[in-house]
Amino acid sequence: MTGRTGLPRVVVLAGGVGGSKFSLGVRTALNRRADAEAAAPDPFTIVANTGDDLWLSGVRLQPDVDSIVYALAGVNDTVRGWGRAGDSERVNHELQQWGAGWPWFTLGDLDLGTHLARTGWLREGLTPTQVLERMSARWPLGARVLPMTDAEVDSIVTVSDSSASAGDLDGDIERPMHFQEWWTRHRAALRPLRFDNPGIGAAVAAPGVLDAIAQADVVLIAPSNPVVSIGPILAVPGIRAGLRATPARVVGVSPIIGGQVVRGMADVCLTAIGVETTAAAVAAHYGARSSEGLLDSWLIAEEDAASAAEIGRLGIRPVVAPLWMRDAATSAELAEAALRAAEF
Ligand code: GDP
Ligand code: CA
């Protein structure tokens, strides 16, 4: 089963950093396949995590959505890893003089332009999906980027307050905070008890998400944080069932290489939900489609080849491939390997 061009119809589930690098790779891999067939590729679909979203200084931020759009547009800051290339921070400085916003959360001037535009359109009554469609029209992204839901379901981390001062009695006082505060201000150093997306049980998938999954040939789970990036996407009612029901192959890419998280602090998140920081444990967390889970295939690094048998016993096809996305070329090779892992 393939799309109009004979190319696979692809859906990617993605968070910010890992998600955007992988999405760039998918675009390149699909473009190469299209070139080989002298065909124009159908845009693929990216379902973006919106659990990181928040209101700050009166504007709506969508960090993972923006990371993906900026990366596909080629205007992202590749050195810093977030925001716009060549951005300045004059407005941020002024906000700090006012004591507005969060002193530990920097917003670039160009980035604030995005947030102002988005907030204005939301205030005019557009849905987040419509806003994103409008924003995507500015650049030839080569992909349709959809928020996982139009509902506001911002991630809340509940920490044990005693973890702030070692030696206290454990676990008595619980303190909820926005995911961004825990991640950016505290660098994930406060021990998380749980992650919630209040209201997500009543949320619905954004328009187009379930149809894209149902009509896909391949669904790729990007090497994104399984707990706070992919977790919220899977928690939107209907998405997990859609992934279980789709005729597409569901292929995941391990965000864990050799027991390490590569970038970021996903290990702290995994520990909090009782999952080991290994490629095999994350595969087990997603589960096999053949037994109530999501995965048909799971890409692991050469370093983790020894766990292939264990993954196979779960009912998931293990595929060993180079998983480091060092640059555009390695990201594209990884994406091509993931597409091939769906062909069986
Ligand atoms: P965030 O939303 O910015 O935190 O980004 P994501 O959730 O999309 O991705 C973060 C995760 O991507 C990290 O926890 C890493 O485990 C993983 N990651 C980052 N770079 C790479 C890479 O080059 N290869 C692989 N396999 N995983 C990566
Ligand atoms: Ca994120």
Side-chain angles (χ1 to χ4, degrees), residues 12-26 46-54 61-72 76-78 80-83 105 145 147-148 153-157 178-184 187-188 195 197 220-234 251-273 275-283 285-286 298-304 318-335 337-338 341:
V12 181
L13 310 186
V17 172
S20 57
K21 282 176 191 246
F22 185 69
S23 296
L24 278 177
V26 171
I46 301 169
V47 178
N49 171 42
T50 61
D52 289 13
D53 297 6
L54 72 158
L61 314 187
Q62 295 200 289
D64 287 1
V65 165
D66 289 348
S67 291
I68 293 166
V69 170
Y70 291 164
L72 290 170
N76 57 319
D77 187 325
T78 52
R80 220 170 32 168
W82 51 271
F105 200 80
V145 189
M148 64 191 197
V153 293
D154 305 7
S155 297
I156 302 296
V157 187
H178 194 283
F179 168 74
Q180 290 296 347
E181 179 173 2
W182 177 72
W183 189 258
T184 307
R187 308 300 303 161
F195 300 88
N197 295 92
L220 301 173
I221 302 181
S224 288
N225 187 314
V227 185
V228 295
S229 293
I230 304 300
I233 299 176
L234 300 178
V251 177
V253 180
S254 176
I256 307 300
I257 301 179
Q260 305 286 328
V261 293
V262 187
R263 295 178 185 90
M265 301 161 285
D267 48 342
V268 184
C269 305
L270 286 167
T271 303
I273 64 160
V275 175
E276 261 185 278
T277 303
T278 65
V282 176
H285 168 65
Y286 288 139
W298 183 240
L299 269 68
I300 58 174
E302 283 112 341
E303 293 92 316
D304 297 308
V319 176
V320 177
L323 294 199
W324 276 91
M325 298 184 287
R326 289 196 174 81
D327 48 30
T330 47
S331 297
E333 279 160 31
L334 174 57

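We count ligands from 1, going down the list as the structure has it; atoms in each ligand are counted the same way.
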My understanding is that we take every heavy atom of each candidate and find the minimum distance to atom 17 (C) of ligand 1. Doing that for G18, P223, G16, which one comes out nearest? P223

Check whether any side-chain heavy atom of S224 sits under 4.5 Å from a side-chain heavy atom of P255, and report yes or no. no

Stepwise, does the side-chain contact (heavy atoms from CB on, under 4.5 Å) test hold for V12 with V47? CA-CA 6 Å; V12 181; V47 178; over 6 Å; no

Name of whichever N/O/S atom of D52 is nearest to the Ca ion (ligand 2): OD2

Heteroatom distance test (V261, ligand 1): nitrogen or oxygen, under 3.5 angstrom: yes

Side-chain donor/acceptor of W82 to backbone N/O of N76, under 3.5 Å: no

Identity and separation of the nearest protein heavy atom to atom 5 (O) of ligand 1: V17 N, 2.8 Å

Say whether L323, considering both its backbone and side-chain N or O atoms, lies within less than 3.5 Å of an N or O atom on ligand 1. yes

Nearest to atom 22 (C) of ligand 1, what protein heavy atom do you find, and at what distance? R263 NH1, 3.4 Å

Would the distance check show the side chain of D267 and the main-chain N or O of T277 forming a donor-acceptor pair, the cut-off being under 3.5 Å? no

Closest to atom 23 (O) of ligand 1 among R326, Q260, M325 (heavy-atom distance): M325

Can you list the steps and then say if V65 with T50 is a side-chain contact (heavy atoms from CB on, under 4.5 Å)? CA-CA 7 Å; V65 165; T50 61; 4.1 Å; yes

Below 4.0 Å, non-hydrogen atoms only: which portion of S254 touches ligand 1? Side chain, backbone, both or neither. backbone

Would you indicate which of W183, F22, W82 comes nearest to atom 4 (O) of ligand 1 when only heavy atoms are counted? W183

Please list, in number order, the atoms of ligand 1 under 4.0 Å from a heavy atom of A266. 14 (O)

Quick one: look up the protein heavy atom nearest atom 10 (C) of ligand 1 and list residue, atom name and how far away it is. N225 N, 3.8 Å

Could you list which atoms of ligand 1 come closer than 4.0 Å to a heavy atom of W324? 23 (O)

Please report whether the ring centroid of W182 lies less than 6.0 Å from that of F195. yes

Between the side chains of T330 and D327, is a donor N or O closer than 3.5 angstrom to an acceptor N or O? yes

For ligand 1, which atoms have a heavy atom of S229 less than 4.0 angstrom away? 2 (O), 6 (P), 7 (O)

Exam field: side chain D64 to backbone A48, donor-acceptor pair closer than 3.5 Å: no

Test your reading of the model: is there a side-chain donor-acceptor pair from H285 to the backbone of E276, 3.5 Å cut-off? no

Using a 3.5 Å cut-off on N or O atoms only, is P255 in polar contact with ligand 1? yes

Give yes if a backbone or side-chain nitrogen or oxygen of L334 is under 3.5 Å from a nitrogen or oxygen of ligand 1, and no if not. no

Considering distance alone, does some N or O of S224 sit under 3.5 Å from an N or O of ligand 1? yes

Does the S20 side chain pair with the main chain of V17, one donor and one acceptor, at a distance under 3.5 Å? yes

List the steps and the verdict of side-chain contact (heavy atoms from CB on, under 4.5 Å) for V253 and L334. CA-CA 9 Å; V253 180; L334 174 57; 4.0 Å; yes

Quick one, N225 with M265, criterion side-chain contact (heavy atoms from CB on, under 4.5 Å). Give me CA distance, side-chain angles, the key distance, then yes/no. CA-CA 9 Å; N225 187 314; M265 301 161 285; over 6 Å; no

Report yes or no: does G15 have a heavy atom closer than 4.0 Å to ligand 1? yes

Just distances here: any N/O of G19 and N/O of ligand 1 closer than 3.5 Å? yes

Do D64 and ligand 1 have an N or O pair less than 3.5 Å apart? yes

